J.: 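Below you'll find the structure I mean.
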Amino acid sequence: MRTASILFGQRLPPLTLALKRLIRDYPKGLGTVKELIQNADDARAQVLRLTLDNRQYPSTRLPVPAMECLQGPALLAYNDAPFADEDFDGIQRISQSVKELTQKTGRFGLGFNSVYNITDSPCLLSRDWLFLFDPHCRFTPHSSPTSPGCGWHLRDLWNAAPDLLMPFLAGGLTIGQAEFAGTLFRFPLRDASQASVSEISTEPFSTAYFMSIVRQAAALGPELFLFLKNLERLEIGLVDAGGATTEILRIETTNLDAVRQARAHIRGAAETFASQAELGASKDVDVGYVHEQRQMHEGIVREEHWAIAGGIYAGAAHELVNAALRMRDLHEKAIPLAGVAVRLHCQIQASKRQPRQLADVPEGRVFCSLPLPITTPFPFHVNGYFDLDSTRHALTTKESNLTGDQEHRIRWNELLVEHGVVPACARLLMAIRGQVPDPSAYYARWPRTTPASSPFEGLARTVYARLRDQPVLAINAAPGWVTPKDIVTLPSEWQNLYEPLATDGMVLPSPPLPGWIRSGFTDAKVKIAELTPAGLRQRLRTQEDVDSALNDAPHACLRRRQWVIELLRFCLTDAASDLSGLPLALTADGCLHSFGMLKTGPTFL
């Protein structure tokens with residue numbers, strides 16, 4: 001006897017509800033522009049152009065009349081890389097990505113959906129196709145919950161429904177063009193009436209809000225491009241209702257050859273790493289270069305030069321390689337890509353004003369190719385292929401409370417800092433010695449051993465330890481730079497001895513080492529010698545009485561009365577009683593003698 005049954009089981013939520021939940025993790029604002037930058041970089045584009053077009057376009061010849069509401073103001077995003085076949089497939093998958101490990105900045109396949117903060121119906125034009133996403137199934141013919149959208153060949157649209165293509169002229173399409181050598185997104189702005197019935201977002205997107213996003217992008221400026229792999233120029237423009245076009249922001253690389261060469265080296269190393277099945281032969285690939293950029297915004301030209309060091313790091317004992325294998329076992333992507341960037345130069349030129357130099361060192365940020373909302377106490381930016389939480393706004397750390405196998409994600413970030421970021425930072429500090437105005441500005445770009453959050457707690461200390469044998473400390477004589485073990489510093493309270501001892505030819509730090517440099521090496525258990533009273537006595541002691549006027553003293557440091565007094569005071573600070581042979585005895589006749597050797601008898605202090 002058969003029993004009656006009914007259909008039962010868990011179901012996926014409607015697409016519009018899924019998108020509504022997704023954009024809570026990708027709130028509107030600069031994040032949407034960052035996702036467009038990321039997608040362009042993923043596609044190996046060199047140019048991204050955003051255009052807010054406020055015009056209303058004809059709606060007589062459309063595939064269906066309901067599309068009339070898509071013909072109004074929109075944001076267009078053009079990049080110069082056409083979609084690949086797998087990209088057309090991948091962009092239709094809301095919860096997964098076909099982005100390759102090495103080529104792609106974005107790793108979750110969800111970031112594109114941040115555009116639903118702007119629109120209910122994104123449009124994609126590339127090669128010979130135009131696609132319209134229609135999650136509400138309102139505008140496209142034959143749309144259904146299983147196929148919420150439609151695609152057309154450009155040639156067919158030009159013949160049958162050309163008005164649908166006219167708004168794309170603002171992004172670079174030409175009338176009658178059947179093949180487009182690039183990618184052009186169009187996002188019709190969600191207005192108040194559309195927001196009132198939208199199942200995705202009830203917030204309209206206005207021109208005023210777009211301009212606030214542009215200001216945020218301008219505030220970050222060239223920093224947006226520091227750790228990208230391909231993108232070289234960002235242009236943002238505005239077209240008013242009458243068709244007048246204004247460029248409102250441009251950021252561009254100016255030393256293209258150097259940047260392209262360095263990026264290609266890093267990109268190739270990442271591809272090689274990802275293609276290796278066993279990873280056992282992986283070696284460090286370390287690249288250093290300067291990225292020069294220009295930004296134009298609101299009549300102000302800003303030029304910045306950034307020193308960058310980065311690459312692929314295996315670890316001395318393949319720590320990162322082994323960690324990457326463990327991450328793969330967990331089906332987590334892991335590439336030991338890391339880097340550091342520090343600003344060398346910033347000049348601002350406003351119209352009809354003198355150029356203004358900015359000597360400040362920006363606050364350090366954490367990047368995962370693009371800047372995250374995470375700051376550090378370091379005077380440089382840190383980049384890495386970090387494991388992120390589901391919002392892509394925070395690193396996976398000890399505070400993430402992961403257990404079991406998921407703890408490997410925490411350990412991955414820690415190892416990436418220790419064996420990737422640290423060597424990149426050490427390389428950077430060695431590379432920029434001669435590229436900053438003076439040693440004081442150089443030392444200002446070193447990390448301080450102040451408390452830092454996970455996974456950066458030990459970064460500064462490990463960087464100092466790595467520099468123990470490198471010529472990174474400036475001195476007052478040739479060759480100009482020495483290692484920490486080859487330098488002698490003055491006690492902090494005796495810096496007044498610098499002038500006499502430097503005049504005498506003693507090799508000293510020039511300028512005196514800042515306190516954070518001393519503390520950094522001390523915390524890293526790197527000993528820097530400090531001048532002692534006994535050491536100075538040994539340097540100055542003579543075998544016979546010098547018996548000379550100050551001007552004729554055998555040591556240059558003895559040719560000023562005040563210098564002699566200060567040197568003697570220092571020699572006495574350890575309470576030593578044996579001053580014999582020290583040429584620091586000044587007599588009433590203004591002559592200089594060695595203690596214990598004056599022929600007329602004892603010398604009294």
Side-chain angles (χ1 to χ4, degrees), residues 15-16 19 49-78 82-83 88 91-92 112-113 115-201 204-207 210 237-243 245:
L15 176 58
T16 52
L19 293 172
R49 184 183 305 119
L50 305 180
T51 305
L52 188 69
D53 185 359
N54 283 295
R55 288 174 289 187
Q56 186 72 40
Y57 285 88
S59 54
T60 304
R61 301 181 66 187
L62 295 172
V64 294
M67 291 183 181
E68 180 180 0
C69 65
L70 306 180
Q71 296 295 94
L75 176 64
L76 293 95
Y78 161 81
F83 251 50
F88 284 123
I91 202 169
Q92 299 177 70
F112 169 76
N113 296 294
V115 302
Y116 284 100
N117 283 297
I118 302 172
T119 186
D120 278 355
S121 304
C123 306
L124 163 62
L125 190 154
S126 189
R127 292 164 47 182
D128 59 338
W129 285 97
L130 171 65
F131 293 98
L132 174 60
F133 298 77
D134 186 14
H136 290 94
C137 300
R138 292 172 179 167
F139 307 120
T140 54
H142 315 301
S143 287
S144 70
T146 56
S147 296
C150 195
W152 302 267
H153 280 290
L154 299 185
R155 191 180 304 279
D156 294 339
L157 283 176
W158 283 122
N159 291 330
D163 286 353
L164 188 62
L165 290 174
M166 295 305 288
F168 291 87
L169 301 185
L173 186 69
T174 58
I175 293 177
Q177 187 175 357
E179 184 82 21
F180 189 73
T183 296
L184 180 56
F185 289 99
R186 184 173 182 270
F187 310 120
L189 303 190
R190 181 186 296 112
D191 61 22
S193 63
Q194 293 169 356
S196 66
V197 296
S198 174
E199 297 174 11
I200 299 173
S201 173
F205 190 91
S206 65
T207 299
F210 175 74
L238 184 67
V239 182
D240 66 20
T245 301

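Just so it is clear, the structure is predicted and the values come from calculations on it, not from any experiment. We're numbering straight along the sequence, starting at 1.
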J.: Could you tell me whether the side chain of F210 reaches within less than 4.5 Å of the side chain of L189, counting heavy atoms only?
T.: no
J.: Under the side chain to side chain contact (heavy atoms under 4.5 Å, CB included) rule, what do M67 and L132 come out as? Steps first, then yes or no, please.
T.: CA-CA 10 Å; M67 291 183 181; L132 174 60; 3.9 Å; yes
J.: Are L164 and W152 side-chain neighbours, meaning at least one heavy-atom pair lies under 4.5 Å?
T.: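 L164 vs W152: side chains touch.
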J.: For R186 and L70, indicate whether the former's side chain and the latter's backbone hold a donor-acceptor pair under 3.5 Å.
T.: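 A pair under 3.5 Å: yes.
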J.: Can you tell me how far apart CG (L173) and CD (E179) are? Round to the nearest 0.5 Å.
T.: 11.5 Å
J.: Do D163 and R61 sit within salt-bridge range, that is, some charged N less than 4.0 Å from a carboxylate O?
T.: no
J.: Can you tell me if T51 uses its side chain to pair, donor with acceptor, with the backbone of D53 under 3.5 Å?
T.: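 Between the backbone of D53 and the side chain of T51 there is no qualifying donor-acceptor contact (under 3.5 Å).
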J.: Distance check, rounded to the nearest 0.5 Å: T119 atom OG1 versus Q194 atom CD?
T.: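 T119 atom OG1 to Q194 atom CD measures 7.0 Å (nearest 0.5 Å).
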J.: Quick one: does any side-chain atom of Q71 pair with a main-chain N or O of Q56 as donor and acceptor, under 3.5 Å?
T.: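 Not at all, since once roles are kept as given, no pair shorter than 3.5 Å links the two residues.
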J.: Which atom names give the shortest non-hydrogen contact between R138 and V197, and what distance separates them?
T.: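 Where R138 meets V197 most closely, the heavy atoms are NH2-O, 2.9 Å.
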J.: Return yes if some donor-acceptor pair links the side-chain N/O of S147 with the main-chain N/O of S144 below 3.5 Å, else return no.
T.: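 Judged by distance alone, no pair lies under 3.5 Å.
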J.: Working to the nearest 0.5 angstrom, can you tell me the gap between L154 CG and D156 CG?
T.: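 Here the rounded value is 9.0 Å.
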J.: Can you confirm whether L165 sits close enough to L125 that some side-chain heavy atom of one is under 4.5 Å from a side-chain heavy atom of the other?
T.: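 With C-beta onward as the side chain, the pair touches.
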J.: For a quick test of reading the model, state the closest non-hydrogen atom pair linking P148 to L15 and the distance between them.
T.: CG-CD2, 3.5 Å
J.: Got a donor-acceptor contact below 3.5 angstrom from the S126 side chain to the P82 backbone?
T.: no
J.: What I'd like to find out is whether the side chain of P73 reaches to under 4.5 Å of the side chain of N54, using heavy atoms alone.
T.: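 Yes - at least one pair of side-chain heavy atoms lies under 4.5 Å apart.
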J.: State, yes or no, whether a side-chain contact exists between R127 and F180 at a heavy-atom distance under 4.5 Å.
T.: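 No, every pair of side-chain atoms sits at 4.5 Å or beyond.
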J.: Would you sort out whether H136 and S121 count as a side chain to side chain contact (heavy atoms under 4.5 Å, CB included), showing the intermediate values?
T.: CA-CA 9 Å; H136 290 94; S121 304; 5.9 Å; no
J.: Between R55 and A170, which heavy-atom pair has the shortest distance, and what is it?
T.: NH2-CB, 3.5 Å
J.: Verify, without hydrogens or angle tests, whether W158 (side chain) and Q177 (backbone) share a donor-acceptor contact under 3.5 angstrom.
T.: yes
J.: Of all the heavy-atom pairs spanning C123 and F168, show the shortest one and how long it is.
T.: CB-CZ, 3.8 Å
J.: Enter the distance from F205:CZ to I118:CD1 here, rounded to the nearest 0.5 Å.
T.: 4.5 Å
J.: Work out which heavy atom in A181 is nearest to a heavy atom in Y78; give both atom names and the distance.
T.: O-OH, 4.5 Å
J.: Quick one: pull up OG1 in T174 and CG in L169 and give me the separation to the nearest 0.5 Å.
T.: 8.0 Å
J.: Spell out, as yes or no, whether a donor-acceptor pair under 3.5 Å connects the side chain of R190 to the backbone of Y116.
T.: yes
J.: Taking the ring of F131 and the ring of F83, is the distance between their centroids below 6.0 Å?
T.: no
J.: For a 4.5 angstrom cut-off between non-hydrogen side-chain atoms, does F88 reach L124?
T.: yes
J.: Using the side chain to side chain contact (heavy atoms under 4.5 Å, CB included) rule, take I91 and F133 through it: C-alpha gap first, then chi angles, then the decisive distance, then the call.
T.: CA-CA 10 Å; I91 202 169; F133 298 77; 4.0 Å; yes
J.: Indicate the atoms forming the closest heavy-atom contact of A77 with L50, along with that distance.
T.: CB-CD2, 3.5 Å
J.: Any chance you could measure L157, atom CG, to L62, atom CG, to the nearest 0.5 Å?
T.: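 Rounded to the nearest 0.5 Å, the CG-CG separation comes out at 10.0 Å.
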